[in-house]
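What you see is a predicted model; the values in this text were computed from it and never measured.
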Number of protein chains: 2
Amino acid sequence: MMSMINESNTPKLAASDNTSSLSSRVFEELEESILSGRIKPGENLIEMKLSSELGVSRTPVREAIRMLEQKGLVQIIPNKGAVVLGISEKDLADIYTIRMYIEGLASRLAAGNITENQIRELSEIVDLQEYYSSKHSTSQIKDLDSRFHEKIYEYSDNRTLQHTLSDLHHMVQRYRQLSFAAEGRADKAIEEHRQILQALACHDQDAAEKLTIQHISNAKDNLLQIIKIHNLQNNDHKE
Amino acid sequence: MMSMINESNTPKLAASDNTSSLSSRVFEELEESILSGRIKPGENLIEMKLSSELGVSRTPVREAIRMLEQKGLVQIIPNKGAVVLGISEKDLADIYTIRMYIEGLASRLAAGNITENQIRELSEIVDLQEYYSSKHSTSQIKDLDSRFHEKIYEYSDNRTLQHTLSDLHHMVQRYRQLSFAAEGRADKAIEEHRQILQALACHDQDAAEKLTIQHISNAKDNLLQIIKIHNLQNNDHKE
DNA sequence: ACTTGTATGATTGTATACAAGTATTATAAG
DNA sequence: CTTATAATACTTGTATACAATCATACAAGT
């Protein structure tokens with residue numbers, strides 16, 4: 001086992017952010033680890049181990065694990081422990097299928113509500129994306145992509161939809177980064193964002209919905225293809 | 001304040017069920033209280049108060065509150081506490097809007113996967129519903145309705161969709177009960193279930209999707225009407 | 001060999017203790 | 001009387017202690 005006890009007692013958690021509780025930070029840390037694949041599906045989360053590694057007591061770790069369960073990222077078996085579920089490739093495809101069905105709804109609703117200021121905000125985000133695309137900074141492009149979509153969820157003025165889509169979007173972030181690294185995908189995606197923004201600015205609900213569905217569909221196709229190539233390479237290496 | 005300390009020390013929680021932890025039971029208890037409206041939006045959840053009332057320590061209460069936060073039922077403000085969000089009437093309408101967009105997808109997928117045994121299971125549920133409808137047992141009808149829909153989510157073989165829809169369905173359970181009390185709605189809903197089942201049995205994906213969307217749409221219309229009447233009555237009483 | 005039983009260690013579940021932050025009230029100054 | 005400030009009570013955050021449960025290993029009996 002690689003993970004040894006944190007003897008130096010240095011808390012691995014970002015000690016700077018005092019606005020949130022330890023529980024939340026442990027939750028975010030573990031969520032990130034699971035979504036990024038650092039902690040793998042099937043693995044057991046041992047409270048003591050995690051608390052030593054993170055330099056906190058068991059209490060916040062336990063609370064974080066309970067939160068992960070509600071997010072569907074781990075399964076807790078009473079008196080036995082928590083086993084990581086993570087996001088499989090099937091889950092990935094499934095999530096994009098769901099997004100194809102409801103992300104268009106979010107845009108449709110947003111097109112009905114959006115204000116001048118909100119349009120400006122979205123516009124700025126797309127401009128920035130274009131800038132980073134010219135510099136090939138996939139990480140920044142991904143973050144701005146998140147902001148663009150999250151804003152639309154917010155403008156839909158449907159709290160549950162926002163919550164649901166935000167969760168789904170968050171779950172696939174690891175894969176999305178991969179996606180933008182593909183030649184040409186970033187520019188294509190940004191162009192699609194511009195079109196969606198255009199429809200939103202005109203309050204054209206039908207167009208906004210249709211363009212968004214197409215956007216997600218393209219993202220899905222691109223991503224599944226990337227994954228397929230990725231897997232082939234991995235198999236080659238192994239054998 | 002009406003709530004006084006549980007001096008008799010009798011745990012209010014179902015002590016029988018030893019398969020789940022206290023945290024889970026407290027979570028379910030609080031969730032039920034929020035969804036049923038016994039605990040109202042805006043109210044503060046005081047850990048000590050709840051632990052005395054439920055006859056447990058603060059630990060499981062805290063864990064339950066963290067879980068509720070992930071479900072979007074409370075908002076935790078660090079160092080201040082948890083405030084109940086609950087399900088507003090707008091949320092209710094919003095949730096049905098979302099269901100209209102993805103519950104059809106679940107049926108479409110289920111129609112592709114469903115087995116003979118699963119068809120039989122659904123068939124039994126609808127038969128039972130018919131029986132209880134003749135006896136006007138709205139509570140049983142509602143429970144069977146839950147089982148019918150949950151089964152379809154399960155048969156969709158899309159874990160995330162199942163998880164998402166299950167959450168949404170669960171959130172509106174309080175209102176659904178109201179809905180079935182309306183004259184004629186139960187029989188109409190059961191007839192719609194039969195039609196959906198028919199489509200599933202034929203593996204007719206298009207029909208299953210279309211019928212389900214219509215079913216949710218009808219349920220939504222019925223429910224919103226009920227609520228409107230309900231509100232009028234309440235306002236009359238008040239003034 | 002194969003089961004069964006028991007002891008031991010590891011891990012989770014719950015309760016409690018203490019620390020830190022927040023709200024409330026009382027008190028004093030303007 | 002109002003405002004500012006200090007004291008107090010209340011509530012949350014975190015750590016730790018103890019209890020209950022589960023897994024493992026080893027021994028005895030069949």
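To the nearest angstrom, C1' of C:dT11 lies 13 Å from CG of A:L45. Per the geometry, CD belonging to B:E63 stands 13 Å off P belonging to D:dT14, to the nearest Å. Between B:R25 atom CZ and C:dT14 atom C1' the separation is 12 Å, expressed in whole Å. Distance B:L22 CG to C:dT12 P: 17 Å, rounded to the nearest Å. Rounded to a whole Å, the CD1 atom of A:I46 is 12 Å from the P atom of C:dA10. Residue B:I77 contributes atom CD1, which lies 21 Å from atom P of D:dC10 at whole-angstrom precision. We find that CD1 of A:I76 is positioned 14 Å from C1' of C:dT11, with the value rounded to whole Å. Look at NZ on B:K49: it is 10 Å from P on D:dT12, rounded to the nearest Å.
A salt bridge is defined here as a Lys NZ or Arg NE, NH1 or NH2 lying under 4.0 Å from an Asp or Glu carboxylate O, and B:D167 with B:K71 meets this definition.
The ring of B:H149 has its center no closer than 6.0 angstrom to the ring center of B:H170.
The side chain of B:S57 sits closest to C:dT14 out of D:dG13, C:dT14, C:dG13. You'll find that the side chain of A:R58 is closest to C:dT12, out of C:dT16, C:dT12, D:dG13. For B:P60, whose side chain is taken as the heavy atoms from C-beta onward, the closest listed nucleotide among D:dT21, C:dA15, D:dG13 is C:dA15. For B:K80, the side-chain atoms get nearest to C:dT22 when compared with the rest of C:dA15, C:dT22, D:dG13.
Consecutive Watson-Crick or G-U pairing (both distances under 3.5 Å) extending over three or more pairs maps onto DNA chain D as C:1-30 with D:1-30.
The backbone N or O of A:M48 sits less than 3.5 Å from a side-chain atom of A:S52, completing a donor-acceptor pair. A:D94 contributes no side-chain N or O that, together with a main-chain N or O of B:T160, makes up a donor-acceptor pair within less than 3.5 Å.
The side chain of B:S23 places an N or O atom within less than 4.0 Å of a non-bridging phosphate oxygen (OP1 or OP2) of C:dT14. A sub-4.0 Å separation between OP1 or OP2 of D:dT12 and a side-chain N or O of B:R62 is absent. Look at B:R66 and you won't find any side-chain N or O under 4.0 angstrom from OP1 or OP2 of D:dT12.
A side-chain donor-acceptor contact under 3.5 Å links A:T97 and A:K220. A donor atom on one side chain and an acceptor atom on the other are not found under 3.5 Å apart for B:D157 and B:Q162.
Comparing B:M48 and A:T59 by the nucleotide of DNA chain D whose heavy atom lies nearest to each, the residue mapping closer to the 5' end is B:M48.
Taking the six-membered ring where the residue is Trp, B:Y153 and B:H169 present perpendicular rings, their angle passing 60° and hence far from 30°.
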